[in-house]
Amino acid sequence: MRWSKLFVPTLRDAPNDAVAPSHRLLIRGGFIRQLHAGHYSMLPLGWRVHQKVAQIVREEIDAIGGQEFSLPTMHPASIWQESGRWDTMGEIMFTLKDRKGADLALGVTHEEIFATVAAELTSYKQLPQVWYHIQTKFRDEARPKSGLLRVREFAMKDSYSFDIDAAGLDAAFAAHDQAYRRIFDRLGVPSFGVQASNGAMGGTDSIEFMTKSDAGEDDVIICRKCDYAANIEKAISSLPTIDDGEALTETEKFATPGVLTIAALEAFEGGAAATQQLKTLVMVLDKVITLVVVRGDHQLNTQKLADATGAIDIRPAGPDETMKALGASPGSLGAVGVTDHPVIVDEALRGRVNMTTGANDDGWHFRGVSVERDLTVGQWADLREVEAGEACPNCGTPLEVDRCIEIGHIFKLGTKFADVFGVTVADPDGKVVPVVMGSYGIGIGRNMAAAVEANYDDKGIIWPVSIAPYEVVITLMRTDEETMTAGETIYDDLKAAGVDALLDDRDARAGVKFADAELCGFPFRITLGPRGLKNGEAEFTIRSTEETTNVALGDIAGHVADLVRAAKS
RNA sequence: CGGGUUGUGGCGCAGCUUGGUAGCGCACCUGCUUUGGGAGCAGGGGGUCCAGAGUUCAAAUCUCUGCAACCCGACCA
């Protein structure tokens, strides 16, 4: 390709609403343009990268036996109603009506669709199967952000495994785990797996693949010593035991005028340390007022609450709802003696005594509360959010928190969809059994952005060779016949060697060409100018190291081809 | 969905307080000179000032309503 014919609208300045490095650089480098919030056009350079990312994913999933499909992106409501997700997906799903008034949805994910196809599986002899597609998904995210990192319309590879039993699922899961690690290696995105919540999907094992980045939106709890790593939505830690002293035989109500916060009660004469307090949160879980109790110094993680209760719509109760439910205002709330609302208590409070908590009477608290004696605990659950510095549950090392981008997610679905859609096969004994499924997703555009987040400098992007839009750019210092001819010869040789080459034949100044080449991130640059040509040489520059060497004109194409080949293997 | 910010040529911004012919840099077009790190000079083109309503002799500027985008949070297979 000749740069003079290529549409690459580079910008000296990024739009000021682009903040994440990948967002700024992909805009500036002429890779993407925004249409509206969460929807981007892929320009020629961007689309080349996108396709290379998709191809790597395709190769690795094919390598574990995946079979590629193409599925409808628009679905009838009925299929989502059957699986029960028409409601549970909530507002994340784009919905529309056709001319007949029938409800339709744009695909958020494709478990349902693959399951309907899988209904034609009949025998264990056909298993295992791994099916996948790489197609556009639509999600009406409440807040699209950071360029390609969080969008509403995006290509995703999702694969689904179908097995006769749990052991088969384990194998498919492990195969995907390995395939994903190979994919991220090839994409040049450092990755690690963490334990994760399954969210609304249900299921058991769930591993998210993460890459560390300030532009991310997931917090990962990580142990530097052992291999413990978990999404904060799932993470646990060891807490030192607390000596509560002798339990009081009964609770004691005492006046606490003006004390409305945990901190205020700590400072209050006759109050209690935060670790000795109960924090009572009034939440509305699927319209049911529920009391959630955690230790005074702990934070509730709402995803944990959702996982523990299966609730879909979770929000804090408003002041009116709280007053109506408990007869008191925030600051004086408690769960002691409450029986007409469900009470969910964090595991960290098991066995605790001599606790202090609000008395549901403004300006009053209880002391001497024994959690298991005085609260009507409907459910115990791990609800609190782990904080940096707490002890690793495996080895006791202080945990750290890393901001990360989720670049892939694999989890076990079990038989949920098989049960709903009748995906059953005959087992060797002739018995009809549901097929066991796994689900494995990887966002193409997000990984493209993640690759940039992991590979850039102050001049621009530094694409890994594997996904660079062009592997090498031949920068012509002049556009006279001699330079042009030398450039075309090298270009032809590179093409013949299977290298993606771009010939910068634009009538532009050297500085512009160098700056654009660096901004766009081509891994290798061959510079042809009078200086080198005089000696029959080209200059060869490696983007990542800025290292420049002189190479004989006759050798340069072969040299670059070797490097490209080496980088991709 | 809550909080904050912002909408002015393709991009970055000024102008708005105090209403009076829409400006700057980059980019773009033409010519000349230049030519190894985002050239110089001269000339030129391009804007419903987010939209609608209102106030006014007069609105980019003041008022109201709406829309959109971004950031923080909530949310997020």
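Treat the numbers as computed from the prediction; the structure is a model and nothing was measured. Quick note on labels: first sequence line is chain A, next is B, and so on, each numbered from 1.
At a threshold of 4.0 Å, the pair A:Glu68-A:Arg58 counts as salt-bridged, since one of the basic side-chain nitrogens sits closer than that to a carboxylate oxygen. With salt bridges taken as basic N to acidic carboxylate O contacts below 4.0 Å, one links A:Arg2 and A:Asp505. Classification of A:Asp297 and A:Arg295 as a salt-bridged pair holds, one side-chain N sitting under 4.0 Å from a carboxylate O. Ion pairing of A:Glu217 with A:Arg403 is absent here, as no side-chain N (NZ or NE/NH1/NH2) approaches a carboxylate O to less than 4.0 Å.
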Test ring-ring contact (aromatic ring centres under 6.0 Å, His included) applied to A:Trp3 and A:Phe522, step by step: CA-CA 13 Å; A:Trp3 199 317; A:Phe522 306 113; 5.8 Å; yes
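Applying the side chain to side chain donor-acceptor pair (under 3.5 Å) criterion to A:Asp163, with sequence neighbours excluded, gives no partner residue. Remark: A:Glu141 pairs with A:Arg150 by the salt bridge (charged side-chain N to carboxylate O under 4.0 Å, His left out) rule, at least two apart or across chains. A:Glu321 is linked by a salt bridge (charged side-chain N to carboxylate O under 4.0 Å, His left out) to A:Arg315, counting only residues two or more places apart in sequence or in another chain. With sequence neighbours left out, the side chain to side chain donor-acceptor pair (under 3.5 Å) criterion links A:Asp13 to no other residue. Under the rule for a side chain to side chain donor-acceptor pair (under 3.5 Å), the partners of A:Glu112 that lie at least two apart in sequence or sit in another chain are A:Ser83, A:Arg85. Under the salt bridge (charged side-chain N to carboxylate O under 4.0 Å, His left out) criterion, A:Asp177 pairs with A:Arg181, sequence neighbours left out. Shown here are the side chain to side chain donor-acceptor pair (under 3.5 Å) partners of A:Asn231, two or more places apart in sequence or in another chain: A:Glu208, A:Asp218. With sequence neighbours left out, A:Lys324 forms a salt bridge (charged side-chain N to carboxylate O under 4.0 Å, His left out) with no residue at all.
A:Pro316 comes within 4.0 angstrom of no nucleic acid atom, judged by non-hydrogen atoms across all strands. Counting non-hydrogen atoms under 4.0 angstrom, A:Gly529 reaches a base of the nucleic acid. Among the atoms of the strands shown, base atoms are found under 4.0 Å from some heavy atom of A:Arg525. Residue contacts shown for A:Arg315 are absent, as no nucleic acid heavy atom lies under 4.0 Å away. Among the protein residues, A:Asp516 comes within range of the nucleic acid bases, having at least one heavy atom under 4.0 Å from a base atom. Residue contacts shown for A:Gly532 include a base, since a base heavy atom lies under 4.0 Å away.
Look at the C1' atom in both B:C1 and B:U8: the space between them is 31 Å, to the nearest Å. Of the C1' atoms belonging to B:G9 and B:C29, the separation is 15 Å, rounded to the nearest Å. If you take atom C1' in B:C26 and the same atom in B:G38, they sit 10 Å apart, rounded to whole Å. Atom C1' of B:U30 sits at a distance of 15 Å from the matching atom of B:G46, rounded to the whole Å. Spacing of C1' atoms, B:A59 relative to B:C16, comes out at 10 Å, to the nearest Å. Straight-line distance between the P atoms of B:C28 and B:G10: roughly 15 Å, to the nearest whole Å. Taking atom C1' on both B:A22 and B:A60, the two are 8 Å apart, rounded to the nearest angstrom. Rounded to the nearest Å, the gap between the P atom of B:A58 and that of B:A68 is 31 Å.
Toward the 5′ end of RNA chain B lies the nearest nucleotide of A:Ser146, the other residue of the pair A:Ser146 and A:Asp218 mapping further downstream. RNA chain B is contacted by both A:Asp17 and A:Met477; A:Met477 maps to the nucleotide lying nearer its 5′ end (nearest heavy atom per residue).
In the set B:G37, B:C11, B:C75, the nucleotide with an atom closest to the side chain of A:Leu11 is B:C11. Nearest nucleotide to the A:Arg531 side chain, out of B:C75, B:C76, B:G36: B:G36. Of all nucleotides listed (B:G12, B:C76, B:G38), B:G12 comes nearest to the side chain of A:Pro15. Out of B:G73, B:A69, B:C75, the shortest distance to the side chain of A:Ala142 is found at B:C75.
Judged by distance alone, the side chains of A:Ser161 and A:His176 never bring a donor and an acceptor atom under 3.5 Å apart.
Across all strands shown, B:A69 forms a Watson-Crick or G-U wobble pair, both distances under 3.5 Å, with B:U5. Base pairing of B:A74 is not made with any nucleotide, judged by Watson-Crick or G-U wobble geometry with both donor-acceptor distances under 3.5 Å. Here B:A53 sits opposite B:U63 as a Watson-Crick or G-U wobble pair (both hydrogen-bonding atom distances under 3.5 Å). With both pairing distances under 3.5 Å, B:C24 is matched to B:G12 as a Watson-Crick or G-U wobble pair.
Rounded to an integer number of Å, the gap from CD of A:Glu406 to P of B:C76 is 12 Å. When the P atom of B:C70 is taken as reference, atom CD of A:Glu217 falls 13 Å away, rounded to whole Å. The CZ-P distance, from A:Arg24 to B:C11, rounds to 14 Å in whole Å. Computed from coordinates, the A:Asp307 CG to B:C76 C1' distance equals 13 Å when rounded to whole Å. Atoms CZ (A:Arg152) and P (B:A69) sit 7 Å apart, rounded to a whole Å. The nearest whole Å value for the distance from the CD atom in A:Glu91 to the C1' atom in B:C76 is 12 Å. Rounded to whole Å, atom C1' of B:G4 lies 15 Å from atom NZ of A:Lys145. The distance between atom CG of A:Asn231 and atom P of B:C75, rounded to the nearest whole Å, is 12 Å.
In this structure, A:Lys459 does not reach the B:G37 phosphate: none of its side-chain N or O atoms is under 4.0 Å from OP1 or OP2. Contact annotation: A:Gln303 reaches the phosphate of B:C76 (side-chain N/O to OP1 or OP2, under 4.0 Å).
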Are there any protein N/O atoms within less than 3.5 Å of an N/O atom in nucleotides 25-29 of chain B, and if so, which ones and at what distance?
none

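Between the side chain of A:Glu518 and the base of B:G38 there is no donor-acceptor pair of N/O atoms closer than 3.5 Å.
Contacts classified as side chain to side chain donor-acceptor pair (under 3.5 Å) and involving residues 19-29 of chain A (residues at least two apart or in different chains) are given here: A:Ser22-A:Glu453, A:His23-A:Tyr40.
Contacts between residues 505-513 of chain A and RNA chain B, defined by a heavy-atom separation under 4.0 Å, are made by A:Arg509, A:Ala510, A:Gly511, A:Val512. For the segment residues 33-40 of chain A, residues with any heavy atom less than 4.0 angstrom from an atom of RNA chain B are, sorted by number, A:Gln34, A:His36, A:Ala37.
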